[in-house]
Protein chains: 2
Amino acid sequence: MTDLKSANNPLFLREEELRQAIELLFFAYREFTAGPDQILKDYNFGRAHHRVIHFVGRNEGIIVSELLDILRITKQSLNRVLSNLIERGFIEQRQGEEDRRQRCLYLTEKGRKLEQELSRVQRDLVGHAFREAGADAVAGYRKVLLGLIDEDIRDTVLKRVLKP
Amino acid sequence: MTDLKSANNPLFLREEELRQAIELLFFAYREFTAGPDQILKDYNFGRAHHRVIHFVGRNEGIIVSELLDILRITKQSLNRVLSNLIERGFIEQRQGEEDRRQRCLYLTEKGRKLEQELSRVQRDLVGHAFREAGADAVAGYRKVLLGLIDEDIRDTVLKRVLKP
DNA sequence: GATTTTAAGTCAGTCATGTTGACATATATT
DNA sequence: AATATATGTCAACATGACTGACTTAAAATC
């Protein structure tokens with residue numbers, strides 16, 4: 001009865017609980033990206049394009065450096081997908097009014113439609129999970145995920161997420 | 001007072017709520033992978049190696065086809081990282097006893113150490129978030145994430161996650 | 001026992017998306 | 001006038017996905 005794995009050992013339970021939580025996040029995130037991935041294929045876009053469309057959609061007029069800051073990728077990486085999105089008419093740039101070095105980014109009509117299409121599948125998925133789980137569970141979900149985000153940047157992220 | 005964004009419009013609130021939940025998952029997942037990514041660099045491994053190490057660690061003796069099934073990648077993709085891990089002595093293969101075509105996978109001592117090291121940072125992160133959020137929130141987190149997983153595969157995933 | 005199916009591995013080529021490093025251009029700031 | 005900043009661009013490289021074709025050994029079926 002001194003089995004390490006026994007229910008009497010809280011340390012083991014804790015570790016196992018955490019391992020399960022980690023695995024759950026892996027599987028959930030994969031499901032979460034599967035829908036958009038499928039749609040993006042039809043447009044010959046990838047996940048990187050989705051991220052740009054998402055954050056431009058939620059931050060109309062965002063400038064390139066802010067976008068880089070959110071995505072945490074190099075400008076060379078961003079530029080590949082961004083210029084692609086601009087060429088193909090999903091995003092447009094306007095010169096900054098105060099600082100004319102800046103490029104402010106906006107979704108075009110076409111871009112907005114794609115954003116809607118991508119967002120829709122994710123909202124349907126999350127909405128379904130939320131309804132199934134109930135309001136208390138949703139509050140818990142938010143609390144835990146927020147806790148996963150580094151304290152140093154939590155406020156910044158919160159401001160972004162809750163911006164609109 | 002007919003503002004679409006007003007608190008009187010439950011539909012808007014719902015959409016905004018879902019969009020926030022989606023964004024939160026994006027940021028949280030990035031934080032969640034950041035720690036391991038940093039460690040993996042020292043070994044010249046990538047996230048793909050981590051996933052293999054994780055699932056072999058949690059399913060000692062797993063065979064290649066099961067691993068492919070969990071990871072949902074092609075055997076060519078798996079083989080690149082797997083053969084790398086075997087060559088460098090983090091994972092070992094043993095021929096299946098019943099079906100000798102099968103290769104059963106195990107972590108070596110070295111592999112187990114790395115698994116511990118990687119798992120540790122994630123468990124610390126998730127553990128911290130759990131403690132901060134409290135037991136009810138944790139239950140909600142689990143409920144929602146599980147709801148994100150497609151019903152068709154939820155049972156299969158659950159069996160895997162809760163296996164040990 | 002011969003044939004077919006299955007599990008695993010391999011070779012070759014492609015694509016998406018990240019990286020570094022060097023450099024260019026326009027505009028702001030000092 | 002000199003310097004710093006925001007953006008863009010060229011080139012080379014790494015990782016980790018993909019497809020498609022083929023091999024080998026062992027199991028299952030006929």
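No hydrogens, no waters, no symmetry mates; every other heavy atom, side chains included, goes into these values. Every chain is numbered from 1, with letters handed out A, B, ... down the list of sequences. As the structure is a prediction and not an experimental result, all values here were calculated from the model.
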Would you list the atom pairs, donor with acceptor, under 3.5 Å between side chains in residues 38-47 of chain A and any protein atom, with sequence neighbours excluded?
from, atom 1, to, atom 2, distance (Å)
Y43(A), OH, E117(A), OE1, 2.8
R47(A), NE, D37(A), OD1, 3.2
R47(A), NE, D37(A), OD2, 3.3
R47(A), NH2, T33(A), OG1, 3.3
R47(A), NH2, D37(A), OD2, 2.7

* **Close side-chain approach of L25(A) to L148(A), heavy-atom, < 4.5 Å** => yes
* Return the residues of residues 90-108 of chain B meeting this criterion: a heavy atom under 4.0 Å from some atom of DNA chain D. Order them by number, or give none. => E98(B), D99(B), R100(B), R101(B)
* To do: Specify the separation, in whole Å, of atom CG of D69(B) and atom P of dT6(C).
  => 15 Å
* To do: With sequence neighbours excluded, give me every ring pair (Phe, Tyr, Trp, His ring centres under 6.0 Å) pair touching residues 131-153 of chain A.
  => F130(A)-Y141(A)
* Check ion pair E109(A)-K113(A) (N to O, under 4.0 angstrom) -> no
* Could you list all the ring pair (Phe, Tyr, Trp, His ring centres under 6.0 Å) pairs where at least one residue sits in residues 56-81 of chain B, not counting sequence neighbours? => none
* **Nucleic acid contacts of residues 32-52 of chain B, taken as heavy-atom distances under 4.0 Å to DNA chain D** => G46(B), R47(B), A48(B), H49(B), R51(B)
* To do: Calculate, to the nearest 0.5 Å, the distance between atoms CG and CD1 belonging to L67(A) and I62(A) respectively.
  => 5.0 Å
* Is the shortest side-chain N to carboxylate O distance from E66(A) to R58(A) below 4.0 Å? -> no
* Structure fact -> In whole angstroms, the gap separating P of dT5(D) from CD of E66(A) amounts to 17 Å
* **Under 4.0 angstrom between T74(A) side-chain N/O and dG18(C) OP1 or OP2** => no
* Asked: Should Q93(A) and L105(A) count as side-chain neighbours, where that means a heavy-atom distance under 4.5 Å?
  -> yes
Give every pair of a protein N or O atom and an N or O atom of nucleotides 10-15 of chain C that lie under 3.5 Å apart, one pair per line with the distance.
from, atom 1, to, atom 2, distance (Å)
dT10(C), OP2, N79(B), OD1, 3.2

* Asked: Do other residues, nucleotides or ligands put more than 12 heavy atoms under 6.0 Å from D99(A) CG?
  -> yes
* Asked: With a 4.0 Å cut-off on heavy atoms, is S65(B) in touch with a base, just the backbone sugar-phosphate, or nothing at all?
  -> sugar-phosphate
* Asked: Nearest-Å distance, CG (L68(B)) to P (dA7(C))?
  -> 11 Å
* **Among E15(B), E16(B), E17(B), E23(B), salt bridge (Lys or Arg N to Asp or Glu O under 4.0 Å) partner for R19(B)** => E15(B)
* Asked: Could you give the CG-to-P distance, from N84(B) to dG9(C), as a whole number of Å?
  -> 14 Å
* Asked: Counting only heavy atoms not in E97(A), do more than 12 sit closer than 6.0 Å to its CD atom?
  -> no
